[in-house]
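First comes the structure, then the notes that go with it.
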Amino acid sequence: MTPFTENVIKLIKQIPEGRVMTYGQIARLAGSPRAARQVVRILHSMSKKYRLPWHRVVNAEGKIVIKDEASYHEQILKLEAEGVALGSLNEVNLETYRWLP
DNA sequence: AGCTTGACTACTC
DNA sequence: AGAGTAGCCAAGC
């Protein structure tokens, strides 16, 4: 476990309902601006143990780039359930929903 | 101990 | 504008 990992987990747990963050943003705040991919990996693997709101994390465009379709749709449903309006292409308006700590 | 792998990003064709 | 590519760094094997 690295400090970076802990920071990532902390940040993600702090995301309130109805808001989202980008992978890059989390990586930057966690101390490694270029570690977006690790954020993803950590988020995904740790969500099982720590129950992290992984669905509130999207890519830099506000879209969901996830590979697994099941999880992809699950994320969309959860976001909508929290009041996040998705575009016709299932994209989030970051100007509106991006959460700044 | 070393190599592969990404729920990404930014830059270039 | 859309597609290809290289860089990134920790986790998993």
Side-chain angles (χ1 to χ4, degrees):
Chain A
M1 205 59 140
T2 67
F4 171 74
T5 302
E6 292 184 45
N7 288 331
V8 170
I9 294 174
K10 263 188 176 180
L11 286 168
I12 293 172
K13 290 177 71 173
Q14 291 173 37
I15 304 176
E17 292 185 3
R19 291 301 169 88
V20 300
M21 284 185 80
T22 69
Y23 297 106
Q25 183 185 359
I26 294 170
R28 181 195 294 273
L29 293 172
S32 299
R34 302 294 175 184
R37 310 192 70 158
Q38 279 55 251
V39 173
V40 167
R41 178 181 290 280
I42 294 164
L43 181 58
H44 185 217
S45 52
M46 291 304 179
S47 61
K48 300 170 185 173
K49 299 180 181 179
Y50 296 76
R51 293 185 183 178
L52 299 178
W54 57 269
H55 56 274
R56 295 184 190 141
V57 185
V58 295
N59 72 354
E61 299 179 319
K63 295 180 183 175
I64 301 170
V65 223
I66 179 174
K67 281 187 173 179
D68 183 47
E69 283 186 51
S71 301
Y72 175 83
H73 288 132
E74 183 183 356
Q75 178 165 17
I76 293 174
L77 290 176
K78 293 197 176 199
L79 289 176
E80 287 182 330
E82 294 182 353
V84 177
L86 298 175
S88 55
L89 299 176
N90 291 322
E91 58 184 56
V92 174
N93 185 331
L94 291 177
E95 301 287 322
T96 303
Y97 295 105
R98 181 179 38 187
W99 178 67
L100 308 168

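Please read these numbers as outputs of a predicted model, since none were measured by experiment. All chains are named by letter (A, B, ...) in the order of the sequence lines, taking the proteins before the strands, and each is independently numbered beginning at 1.
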Problem - Rounded distance (Å) that lies between atom P of B:dC8 and atom NE2 of A:His44 - result: 11 Å

Handout entry: Any side-chain heavy-atom pair of A:Asn90 and A:Leu79 under 4.5 Å
Key = no

Completion exercise
Expected string for nucleotides 5-13 of chain C under the B/S/- scheme (protein heavy atoms, under 4.0 Å, primed atoms plus P, OP1, OP2 as sugar-phosphate) is --BBBBSS-

Problem - Cluster companions of A:Trp54 among Ile, Leu, Val, Met, Phe, Trp, Tyr (side-chain spacing under 4.5 Å) - result: A:Met1, A:Phe4, A:Val8, A:Ile9, A:Leu11, A:Ile12, A:Ile15, A:Met21, A:Tyr23, A:Ile26, A:Leu29, A:Val39, A:Val40, A:Ile42, A:Leu43, A:Met46, A:Tyr50, A:Leu52, A:Val57, A:Trp99

Exercise for the section: Would you mind reading off the distance between A:Asn59 atom CG and B:dA10 atom P, rounded to a whole angstrom? Expected result: 10 Å

Handout entry: Rounded interatomic separation in angstrom, taking CD1 from A:Ile64 and P from B:dC8
Key = 12 Å

Problem - Derivation of the side-chain contact (heavy atoms from CB on, under 4.5 Å) call for A:Glu17 and A:Arg56 - result: CA-CA 8 Å; A:Glu17 292 185 3; A:Arg56 295 184 190 141; 3.1 Å; yes

Problem - Note, A:His55 side chain near A:Leu77 side chain (heavy atom, < 4.5 Å) - result: no

Problem - Spacing of A:Tyr23 atom OH relative to B:dG6 atom P, expressed in whole Å - result: 15 Å

Practice task
Kindly indicate whether the side chain of A:Val92, heavy atoms from C-beta on, has any atom under 4.5 Å from the side chain of A:Leu86.
Solution key: yes

Exercise for the section: Could you state the atom-to-atom distance from NE2 of A:His73 to C1' of B:dA7 in whole Å? Expected result: 14 Å

Practice task
Give the rounded distance in Å between these two atoms: CG of A:Asp68 and C1' of B:dT5.
Solution key: 17 Å

Problem - Salt bridge flag under 4.0 Å for residues A:Glu82 and A:Lys78 - result: no

Practice task
Rounded to the nearest angstrom, tell me the gap between atom CE in A:Met21 and atom C1' in B:dC8.
Solution key: 15 Å

Handout entry: Nucleotide B:dA7, atom C1' - distance to CD1 of A:Ile76 in whole Å
Key = 13 Å

